[in-house]
2 protein chains.
Amino acid sequence: MAKIDSKQLKKDKLLEQGVTLLLEKGYHATGLKQILDTVQIPKGSFYTYFDSKEQFAAEAINHYIEPFILRLSAHLQNPELDGLMALKAYYSELIAEVAQTGFKGGCLLGNLMGEIGDTSSLCRDALLNAVARYSDLQKIALERGQQQGSVRVDRSAQAMADLMLNGWQGALLRMKVEQSVSPLQAVCQDLLDDYFRA
Amino acid sequence: MAKIDSKQLKKDKLLEQGVTLLLEKGYHATGLKQILDTVQIPKGSFYTYFDSKEQFAAEAINHYIEPFILRLSAHLQNPELDGLMALKAYYSELIAEVAQTGFKGGCLLGNLMGEIGDTSSLCRDALLNAVARYSDLQKIALERGQQQGSVRVDRSAQAMADLMLNGWQGALLRMKVEQSVSPLQAVCQDLLDDYFRA
DNA sequence: CGGGATTATGCGACCGGTCGTCTGGTTTGT
DNA sequence: ACAAACCAGACGACCGGTCGCATAATCCCG
């Protein structure tokens with residue numbers, strides 16, 4: 001049992017560091033050796049934890065999105081709080097954080113969708129699942145906003161959630177090259193403060 | 001002179017094939033050898049045309065965006081045509097084309113922004129320039145729509161152009177993993193048919 | 001309970017291959 | 001004959017992945 005725990009611990013450490021490096025440099029520019037070295041796990045052991053680099057990336061995707069799901073869920077815990085306000089608060093937090101990290105990395109989901117989303121079916125499935133879960137949560141937030149009267153009802157919550165997600169991903173790309181959070185602020189303002197408003 | 005032309009010709013062939021492969025597999029997954037082989041130019045000659053792979057990619061970015069600029073410009077040539085309608089026609093064309101290619105590749109600008117936009121300053125500059133030119137053109141289209149009364153005037157054309165671009169880039173990512181053009185259609189409908197409308 | 005035999009685990013060295021880049025001999029043109 | 005242009009091949013580095021050895025754990029029998 002202690003063995004299993006230790007194994008799971010190391011696996012988590014690999015995933016943790018993997019997420020960091022994948023986010024920083026992308027899939028093809030990140031070598032397994034680099035990940036293994038920084039967490040002091042021998043090269044030969046990698047394949048006891050994962051079947052391949054590709055499958056490792058797929059697991060990293062799930063490992064990455066979990067905290068975001070939890071964070072957004074936390075904002076939605078209070079059923080009194082307006083759904084739209086919760087979304088705004090959540091995105092404000094994200095913007096503040098990314099500003100501190102120097103506009104590097106962006107979103108692992110977006111980066112990997114662009115780099116290998118159309119070439120690795122393993123990762124594509126993981127990405128699909130992660131995006132679906134994330135999108136669903138935003139849909140729920142917007143639905144609540146609709147019930148509370150702050151969000152327009154003549155467009156489906158799902159459609160708005162998708163638009164928000166897409167706009168955010170595009171803004172993250174712009175952020176990278178413009179080295180500024182203003183694209184992120186703009187998309188939040190345009191959509192959350194205007195377009196989605198009832 | 002014939003020499004210079006021949007050199008420029010080969011350089012263009014390299015860029016042409018480079019764009020194809022970069023679009024298909026990304027920056028790090030594309031090897032120079034593969035590009036050189038398919039256009040039958042010896043490996044040793046590469047550095048007579050370009051200083052480095054990175055600089056090659058930067059030139060490929062410019063080479064890539066040019067046709068899109070021209071295409072959109074063509075739609076805007078007729079000053080009678082409504083700016084918003086021109087945009088819609090342009091994007092409809094793009095959607096029809098990408099559907100034929102099997103949802104592969106997407107947009108080179110978006111892909112490279114995600115993969116190396118925050119790590120290669122050379123490419124970042126090229127991306128910034130390309131995006132700015134492309135964005136400006138869309139701003140002009142929207143401005144014309146505003147003058148013609150089809151586009152709302154309480155938001156700046158620049159802000160709407162940015163939102164359109166960001167939403168489109170995000171939708172391209174979704175397209176890759178969902179293997180469908182519906183994200184593209186959705187973003188066009190949401191923005192061009194509703195949000196931007198006067 | 002002790003200790004040799006056997007199985008399971010861990011991991012460093014190494015595989016074939018490819019990477020981006022460079023150099024020096026060869027060809028070409030004048 | 002000479003200079004410039006060109007390019008084959010090599011370079012060192014690194015890739016993802018494999019494999020056989022060394023160590024550790026387990027078992028079995030005296």
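Reckoned from all heavy atoms, side chains included, excluding hydrogens, waters and symmetry mates. Each chain gets a letter, A, B and so on, in the order the sequences are listed, and its residues count up from 1.
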For residues 76-86 of chain B, the side chain to side chain donor-acceptor pair (under 3.5 Å) pairs (sequence neighbours left out) are B:Asp82-B:Ser150
Could you check how far OH of A:Tyr49 sits from C1' of C:dC11, rounded to whole Å? 11 Å
Below the 4.0 Å mark, does C:dC11 have OP1 or OP2 next to a side-chain nitrogen or oxygen of A:Ser45? yes
Check the orientation of B:Tyr195 and A:Tyr195. Use parallel for under 30°, tilted for 30 to 60°, and perpendicular for over 60°. tilted
Please collect all ring-ring contact (aromatic ring centres under 6.0 Å, His included) contacts where either partner lies in residues 105-124 of chain A, sequence neighbours excluded, each pair once. none
Any chance you could list the contact pattern along nucleotides 10-17 of chain D? Use B for base contacts, S for sugar-phosphate-only contacts and - for none, protein heavy atoms under 4.0 Å, 5' to 3'. B----SBB
Take the protein atom CZ of B:Phe56 and the nucleotide atom P of C:dT21, then report the distance between them rounded to whole Å. 12 Å
Take atom CD of B:Gln55 and atom P of C:dT21, then tell me their distance rounded to the nearest Å. 11 Å
Residues in side chain to side chain donor-acceptor pair (under 3.5 Å) with B:Asp118, at least two apart? none
Here the salt bridge (Lys or Arg N to Asp or Glu O under 4.0 Å) pairs for residues 154-169 of chain A, sequence neighbours left out, are A:Arg152-A:Asp154, A:Arg155-B:Asp190, A:Arg155-B:Asp194, A:Asp162-B:Arg174
Sort and list the pairs that fulfil salt bridge (Lys or Arg N to Asp or Glu O under 4.0 Å) and have at least one residue in residues 98-109 of chain A, not counting sequence neighbours. none
Nearest-Å distance, NZ (A:Lys10) to P (C:dT9)? 14 Å
Could you check how far CG of A:Leu36 sits from P of C:dG10, rounded to whole Å? 14 Å
Tabulate protein N/O versus nucleotide N/O from nucleotides 21-24 of chain D, keeping only pairs under 3.5 Å, one per line.
none

Any pair with a residue in residues 53-74 of chain A that passes salt bridge (Lys or Arg N to Asp or Glu O under 4.0 Å), sequence neighbours left out, goes on the list, sorted by first then second residue, please. A:Lys11-A:Glu59, A:Glu66-A:Arg133, A:Arg71-A:Glu93, A:Arg71-A:Glu97
May I have all residue pairs that pass ring-ring contact (aromatic ring centres under 6.0 Å, His included) and include part of residues 132-181 of chain B, sequence neighbours excluded? B:Tyr91-B:Trp168
